[in-house]
2 protein chains.
Amino acid sequence: MAQRLVPGTKLGERELSEKFDSSRIVIRQALLMLAGEGLVTIERNRGAFVKRYSLQEAMEIYDALTLFEQGVAVQLASRLGTADWQKIRDHIKLQAEAIDQGDNELADNLGAGFHELLVSLTNNRLAQEIHSQIVQRTHLLRSLYNSRFDYCNLLNEHSKIVDLLERGRVKQAMSLIESHHHHVVRGYVMDMSNYPQMTLDEALSPFLTAEEQKNSFAAAGI
Amino acid sequence: MAQRLVPGTKLGERELSEKFDSSRIVIRQALLMLAGEGLVTIERNRGAFVKRYSLQEAMEIYDALTLFEQGVAVQLASRLGTADWQKIRDHIKLQAEAIDQGDNELADNLGAGFHELLVSLTNNRLAQEIHSQIVQRTHLLRSLYNSRFDYCNLLNEHSKIVDLLERGRVKQAMSLIESHHHHVVRGYVMDMSNYPQMTLDEALSPFLTAEEQKNSFAAAGI
DNA sequence: AACACCAGATTGGATACCAATTCTCTTTAT
DNA sequence: ATAAAGAGAATTGGTATCCAATCTGGTGTT
């Protein structure tokens with residue numbers, strides 16, 4: 001989830017159980033749950049691997065995200081009041097300031113936050129869950145394909161989408177959302193050349209206690 | 001999934017492992033996966049139960065379904081060709097014939113199939129998965145609240161929605177989808193009002209049926 | 001009647017063990 | 001030298017057993 005593990009990495013049960021100082025069964029349960037969320041694949045008698053989506057599947061994930069957010073937008077267009085629209089515009093303004101100050105990381109977070117904000121305004125916990133499930137899958141793609149966004153353009157689109165939705169121009173808003181997502185996808189340059197390889201130890205170390213690190217190193221030494 | 005278990009029924013690990021002749025751990029793994037799909041709740045140190053959605057949650061499920069199918073419809077409106085629209089109309093015709101012949105069960109299945117067909121026309125496996133996850137949750141609600149649909153009216157709405165989508169009247173199609181789902185929900189809600197929440201009957205019925213399930217399973221197993 | 005307390009049952013988890021499959025490396029044959 | 005075959009190691013999928021923590025229900029005391 002922190003995008004520290006490269007897709008395709010093997011997640012051995014014994015290895016993980018030693019690193020996290022727990023039993024193989026707990027690890028397997030975790031892997032099964034992650035497989036249910038589409039972040040991990042389990043191949044019978046071969047083990048679990050960080051899911052590595054094909055180009056085709058990547059497109060499906062982004063299409064599903066587009067589809068879902070179009071649905072969200074339709075709902076918002078028929079439900080939000082002026083106060084809500086103002087809240088969204090405030091968020092956009094925040095991101096604009098971050099861009100002006102050249103803080104790309106903050107701008108990136110706020111950019112993702114915009115989509116989250118829209119979904120949370122539906123007041124629908126299930127919708128939020130589904131949305132975050134799709135978004136998490138896109139994170140797996142990010143680590144495969146380096147991204148280079150035109151933040152200013154994307155922000156502009158956010159603003160236009162909000163305008164169209166508030167004025168009830170649903171059809172135009174829909175097609176703008178669609179092209180907005182296309183722009184995001186296009187930002188992901190399909191550049192698999194430099195794989196930032198990290199060992200399991202390095203990737204997981206932030207999540208281990210000192211005690212567990214010791215076990216992990218001991219296990220690696222043998 | 002077959003709607004044979006009443007929401008609230010306790011799913012004891014030992015009990016299930018004996019009935020299915022497997023170990024407790026396999027059962028627990030299954031329960032964890034079902035919990036991930038929202039069909040089961042697991043309360044710590046208390047066990048797993050068939051999920052019993054509150055009225056609020058039930059509304060959220062239907063809203064999420066509406067939202068999602070609106071997104072599907074937007075996608076279809078911008079992608080389908082005339083051959084695809086014809087396929088949909090053929091399906092509607094099938095259901096109309098079933099209604100004419102008074103075959104309510106078949107009509108019901110075809111009615112659900114209409115929504116499935118729309119989603120499958122997106123050619124997006126992830127979208128189909130998400131859709132069926134939401135639909136499965138609605139099945140849990142069905143077993144709580146009996147329904148009585150006006151099939152003819154619902155079918156008419158299907159037909160109108162298809163017309164609007166093919167002609168690109170997105171906004172009108174969206175609001176028709178919304179009211180279509182409201183009609184479906186109203187089929188449940190009406191009956192729900194007959195069952196005031198948390199009567200003694202309602203509180204006790206899960207335990208009685210759990211007992212019955214026990215006997216039924218024992219009889220079937222031996 | 002309210003409260004503390006105790007025994008039974010259930011879950012969450014660990015360990016050990018086994019069968020089946022896969023992987024790897026050596027050996028063998030062409 | 002290379003490819004096929006095979007034995008052994010390693011890994012997964014699964015079961016049985018055991019133990020601690022927690023919850024449930026009943027009992028007894030005040």
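Naming convention: chains lettered A, B, ... in sequence-line order (proteins, then strands); numbering from 1 in each chain.
Atom CD of Glu13(B) and atom CD1 of Ile27(B) lie 8.5 Å apart (nearest 0.5 Å). Expressed to the nearest 0.5 Å, how far CD of Gln86(B) lies from CG of Asp90(B) amounts to 5.0 Å. Taken from NZ in Lys51(B) to CG in Leu39(B), the straight-line distance is 10.0 Å, to the nearest 0.5 Å.
Contact between the side-chain N/O atoms of Arg46(B) and the OP1/OP2 oxygens of dT24(D) is found at a separation under 4.0 Å.
Atom CD of Glu13(B) is separated from atom C1' of dG14(D) by 16 Å (rounded to the nearest Å). The nearest whole Å value for the distance from the CD atom in Glu18(B) to the P atom in dA16(D) is 11 Å.
Using modelled atom types, one side-chain atom of His181(A) and one backbone atom of Ile177(A) make a donor-acceptor pair closer than 3.5 Å.
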Donor-acceptor pairs under 3.5 Å, side chain of residues 121-132 of chain A to any protein atom, not counting sequence neighbours: which ones?
from: Thr122(A); atom 1: OG1; to: Val119(A); atom 2: O; distance (Å): 2.5
from: Thr122(A); atom 1: OG1; to: Asn124(A); atom 2: N; distance (Å): 3.4
from: Asn124(A); atom 1: OD1; to: Leu126(A); atom 2: N; distance (Å): 3.0
from: Asn124(A); atom 1: OD1; to: Ala127(A); atom 2: N; distance (Å): 3.0
from: Asn124(A); atom 1: ND2; to: Glu60(B); atom 2: O; distance (Å): 2.9
from: His131(A); atom 1: NE2; to: Glu69(A); atom 2: OE2; distance (Å): 2.7
from: Ser132(A); atom 1: OG; to: Glu129(A); atom 2: O; distance (Å): 3.3

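Listed in residue order, the members of residues 31-40 of chain B having a heavy atom less than 4.0 Å from DNA chain D come to none. Contacts with DNA chain D (heavy atom under 4.0 Å) in residues 21-28 of chain B: Ser22(B), Ser23(B), Ile25(B), Val26(B), listed by number.
Here the side chain of Arg14(A) is nearest to one of dT10(C), dG12(C), dT11(D), namely dT11(D).
Under the 3.5 Å distance criterion, with hydrogens and angles disregarded, a donor-acceptor pair is assigned to the side chains of His158(B) and His115(B).
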